Amino acid sequence: MSQEKKLPSVGFIGLGAMGVPMAKRVAEAGYPLTVLDADAGRTEKVAADISASAASSAAELGKNCQIVVTMLPTSDIVSEVLFGENGLADSLAPGSIVIDMTSGSPTKTQAIASALARSSIALCDAPVSGGVPRAKTGELAIMLGGDADTIETIRPLVSSMGTSLTVVGGVGSAHAMKALNNLVSAGGFLIGMEALLIGSRFGLSPETMVEVLNASTGMNNSTQKKFKQFVLSRKFDAGFGLDLMVKDLGIALEVASQTDTTTPFSSLCFEIWSAARKTLGPGQDHTAVARFQELIAGSEVNND
Ligand code: NDP
């Protein structure tokens, strides 16, 4: 008689735009799940919505979990959740695994992994790409950094959230890769938007320009999935914060500096996104950078 293998107990910390749909996928895959967010009301609500247990602190969550996923804004917050007061590291048993799915800093992640290793706790960095829509369908692209055995142990769990899993190297390497992905994405947005601004002033229709770009070599993720949906519609609500994009670009430049790579284009890209954040203020969606580009161009893309 075959006996079903018992799934490990999982904790999920950080129930924001991405964390909620990702935790839901984990619950639906049958893992016994405990969740936690900085906002206690949100923790209770999400736990009830996805049939998970709610924890009141990271230390409490760690007592019941063999694997813990963090999906938090920054590596500094991951560190605080692990090693701060009532931290996760206080209660996780030796042999447990932390999967940091935050878009984090490679050097900070390596330092966190070394500190956890002293308590025989393993860490993998597993940042994601694909945004809220692909988090909802469980079709995220997931980059994996860590030792091979740990990655194989977490593969079934991670597969509940993503369909494209790529092992990129040791701990921290996936966080480096993720920042580089967002650097390319951020640059593609800016140049595409500048093309729309120039074309609008020339008299071209923005909708037509997006269609032509998408049928031609100028196509990129922003022309396909952002310009019509969030810029021309003036909705500016893709679900990924401007603050988070600036953070990711800062990480990419940190890696450039550590590797002594001269990157004038990337530096300019970072400067433009940072200036947009300063000008537009906190709490904006990243697609609102288009409004900053319109401001410095002196016109809007859809002003016919
Ligand atoms: P959000 O800001 O929407 O969510 C982060 C969540 O973490 C919030 O609910 C926040 O609560 C909570 N939080 C903050 N501090 C703590 C803490 N100390 N303990 C417990 N919970 C805490 O971010 P996203 O979900 O958008 O992004 C999460 C990570 O994923 C980021 O690193 C981001 O760069 C990355 N990412 C985001 C994508 C997107 O499309 N949104 C796509 C791919 C990666 P509160 O709001 O109360 O502070």
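Ligands are counted one by one from 1 in listed order, and the atoms in each one are counted from 1 as well. Predicted model, so just to flag it, every value in this text is computed and none were measured.
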For each nitrogen or oxygen atom of ligand 1, which protein N/O atoms lie closer than 3.5 Å, and how far apart are they, rounded to 0.1 Å?
| from | atom 1 | to | atom 2 | distance (Å) |
| --- | --- | --- | --- | --- |
| ligand 1 | 3 (O) | Ala17 | N | 2.9 |
| ligand 1 | 9 (O) | Asp37 | OD1 | 2.6 |
| ligand 1 | 9 (O) | Asp37 | OD2 | 3.4 |
| ligand 1 | 11 (O) | Asp37 | OD2 | 3.3 |
| ligand 1 | 21 (N) | Ala38 | N | 2.9 |
| ligand 1 | 25 (O) | Ala17 | N | 3.3 |
| ligand 1 | 25 (O) | Met18 | N | 2.9 |
| ligand 1 | 32 (O) | Leu72 | O | 3.0 |
| ligand 1 | 32 (O) | Pro73 | O | 3.0 |
| ligand 1 | 32 (O) | Ser103 | N | 3.1 |
| ligand 1 | 32 (O) | Lys247 | NZ | 3.1 |
| ligand 1 | 34 (O) | Lys247 | NZ | 2.9 |
| ligand 1 | 41 (N) | Gly239 | O | 2.9 |

Practice problem: Could you tell me whether Arg155 and Glu152 make a salt bridge, using a distance below 4.0 angstrom between a side-chain N and a carboxylate O? | Solution: yes

Quiz prompt | Any donor-acceptor N/O pair, Lys178 side chain to Val128 backbone, under 3.5 Å | solution = yes

Quiz item: What residues form a ring-ring contact (aromatic ring centres under 6.0 Å, His included) with Tyr31, not counting sequence neighbours?
Solution: none

Self-check item: Co-members of the apolar cluster containing Ile121 [side chain, <4.5 Å]
Solution: Ile13, Leu36, Leu61, Val68, Leu72, Ile77, Val78, Val81, Leu82, Phe83, Leu88, Leu92, Val98, Ile112, Leu116, Leu123, Val171

Side-chain donor-acceptor distances from residues 187-194 under 3.5 Å, at least two apart:
none

Exercise. Could you tell me whether the side chains of Lys226 and His286 share a donor-acceptor contact shorter than 3.5 Å?
Key: yes

